Protein chains: 2
Amino acid sequence: MARVTEIIGEGWTLMVLREAFLGTRHFNEFERELGIARNILADRLKKLVEAGLMERAASTTDRRVVEYRLTWSGQALFPVLIGLTQWASEHLCDGQASMRFVEKESGREVAPVGVLSADGRPLKLADIAMVAGPDADPSLGARLAKAAER
Amino acid sequence: MARVTEIIGEGWTLMVLREAFLGTRHFNEFERELGIARNILADRLKKLVEAGLMERAASTTDRRVVEYRLTWSGQALFPVLIGLTQWASEHLCDGQASMRFVEKESGREVAPVGVLSADGRPLKLADIAMVAGPDADPSLGARLAKAAER
DNA sequence: CACATAGGTTGCAAAGTACAACCAGTATTG
DNA sequence: CAATACTGGTTGTACTTTGCAACCTATGTG
């Protein structure tokens with residue numbers, strides 16, 4: 001989570017990613033849509049590329065333009081972004097969604113992002129426990145054990 | 001999403017929320033576990049309370065201590081946090097998960113957070129479309145329409 | 001009463017952000 | 001082919017946020 005914060009916790013990065021999901025590819029386009037300072041945008045795009053979420057490719061037709069695209073890693077964040085948007089609509093904008101996510105084929109709105117068990121049953125918060133992974137540092141293990149007591 | 005950035009896009013907030021999910025309640029505890037500056041922590045907690053994600057309550061037994069707890073709004077972010085953690089394990093720490101999420105009853109790891117259709121089928125990224133909601137500003141509608149062409 | 005503890009606030013130095021100007025390659029236009 | 005414009009940057013400088021340490025108030029403890 002600390003590593004997550006280093007990337008998307010930085011101001012603007014989440015907005016840049018949203019833009020990318022909306023199909024924005026070019027430096028100027030990001031700048032215009034977001035109203036972000038150019039040096040900050042350059043820095044964020046560089047970091048996103050370094051982190052492997054986006055890739056930078058020169059256009060073959062016009063050698064001035066550079067295309068920034070989401071890598072597979074970056075695209076894998078889509079469910080999280082959707083969940084975040086759904087959460088914001090419900091809890092920050094009291095139900096007023098400015099954007100909806102629908103299944104292309106049927107046009108029906110997708111289900112709220114939630115946590116499922118290994119065999120596909122929806123889980124409630126109370127049904128979920130956190131446990132330390134194999135290479136977690138010992139202090140985390142102790143804290144999780146303590147948290148589990150509650 | 002802009003409103004989301006104002007809250008969790010700010011440095012430390014995501015870490016504070018993670019701590020809260022781990023059961024941390026007190027100012028000093030947050031400070032010790034996170035190594036965050038006290039003024040920043042005070043500011044973040046205040047903003048989280050103002051945004052309705054956490055609530056501040058004076059303890060009845062010891063009148064010095066204040067309890068910070070996640071509200072229902074804050075708890076509703078848990079699936080997103082889980083998704084983010086799963087994503088980080090896979091794409092930032094090449095599969096090395098320091099924390100796992102399991103179903104309490106069976107102890108089995110939960111499924112990766114994903115997007116489901118209204119009737120519960122898992123959806124791929126390519127199956128999902130974004131459409132403007134009822135009270136979106138017109139420019140967003142135009143952009144989504146253009147994005148849908150691709 | 002003296003001292004410790006919880007939860008802050010304040011002041012200052014360092015880092016990060018915003019704004020504007022500038023610059024180097026490429027296209028496009030006359 | 002020269003002048004202009006566009007893309008994707010990189011400075012420089014002012015302003016804001018962050019980090020660190022010290023201090024403060026209200027409560028509890030020996």
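Only heavy atoms go into these numbers, but all of them, side chains included; no hydrogens, no water, no symmetry mates. All values reported here derive from a predicted model rather than from experimental measurement. Residue numbers begin at 1 in each chain, while the letters A, B, ... track the order of the sequences.
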Subject >> A:S59-A:T61 side chain donor-acceptor pair, cut-off 3.5 Å >> reply: yes
Original post:
What do you reckon, is CD of B:E105 surrounded by more than 12 foreign heavy atoms closer than 6.0 Å?
Top reply: no
Subject >> Non-hydrogen atoms of B:R25 and B:F30 that approach each other most closely >> reply: C-CE1, 4.0 Å
Original post:
Considering only side-chain heavy atoms of A:R64, which listed nucleotide, C:dA18, C:dT26, D:dG8, is closest?
Top reply: C:dT26
Original post:
With nearest nucleotides of DNA chain C determined for A:G35 and A:D62 from heavy-atom distances, which residue corresponds to the more 5′ nucleotide?
Top reply: A:G35
Subject >> Ion pair check, A:R38 and A:E31, cut-off under 4.0 Å >> reply: yes
Original post:
Around B:K46, counting heavy atoms of other residues, nucleotides and ligands shown, do more than 12 lie under 6.0 Å from its NZ?
Top reply: no
Subject >> Check: A:T13 side chain, A:G9 main-chain N or O, donor-acceptor pair, under 3.5 Å >> reply: no
**OP:** Using atom CD of A:E29 as one end and atom P of D:dT7 as the other, report the distance to the nearest whole Å.
**Re:** 10 Å
Original post:
Which nucleotide, C:dG7, D:dG8, D:dT18, lies nearest any side-chain atom of B:I40?
Top reply: D:dT18
**OP:** Could you check which of D:dC20, C:dT9, D:dG8 has an atom nearest any side-chain atom of B:A42?
**Re:** C:dT9
Subject >> Euclidean distance, atom CG of residue A:N28 to atom P of C:dA27 [Å, nearest integer] >> reply: 15 Å
Subject >> Whole-Å distance separating the NE2 atom of B:H26 from the C1' atom of C:dG8 >> reply: 16 Å
Original post:
Among residues 47-60 of chain A, which residues get a heavy atom nearer than 4.0 Å to DNA chain D?
Top reply: A:R56
Subject >> Interatomic distance where CD belongs to B:E67 and C1' belongs to C:dG7 [whole Å] >> reply: 13 Å
**OP:** Take atom CG of B:L41 and atom P of C:dG7, then tell me their distance rounded to the nearest Å.
**Re:** 10 Å
**OP:** Measure from CG on A:L45 to P on C:dT17 and round the result to the nearest Å.
**Re:** 14 Å
**OP:** Report yes if at least one side-chain N or O of A:N39 is closer than 4.0 Å to OP1 or OP2 of D:dT10; otherwise report no.
**Re:** no
Original post:
Touch check for B:Y68, heavy atoms < 4.0 angstrom, all strands: base, sugar-phosphate only, or nothing?
Top reply: sugar-phosphate
Original post:
What closest approach, in Å, do A:P134 and B:A97 show between heavy atoms, and which atom pair accounts for it?
Top reply: CD-O, 3.7 Å
**OP:** Rounded off to whole Å, could you give me the CG-to-C1' distance for the A:D43 and D:dG12 pair?
**Re:** 17 Å
Original post:
Checking only heavy atoms, does the side chain of B:R38 share a donor-acceptor pair with the base of C:dG8 at less than 3.5 Å?
Top reply: yes
**OP:** Return the residues of residues 1-14 of chain A meeting this criterion: a heavy atom under 4.0 Å from some atom of DNA chain D. Order them by number, or give none.
**Re:** none
Original post:
Nearest-Å distance, CD (B:E31) to P (C:dT9)?
Top reply: 13 Å
Original post:
Would you say the base of C:dT26 and the side-chain of A:R63 have a donor-acceptor pair closer than 3.5 Å?
Top reply: no
Original post:
Do you know the tightest heavy-atom contact between A:A111 and A:Q86?
Top reply: O-NE2, 3.3 Å
**OP:** Taking the side chain as every heavy atom from C-beta outward, state whether B:K47 and B:E10 have any atom pair closer than 4.5 Å.
**Re:** yes
Subject >> B:T24 and A:R143: side chain donor to acceptor below 3.5 Å >> reply: yes
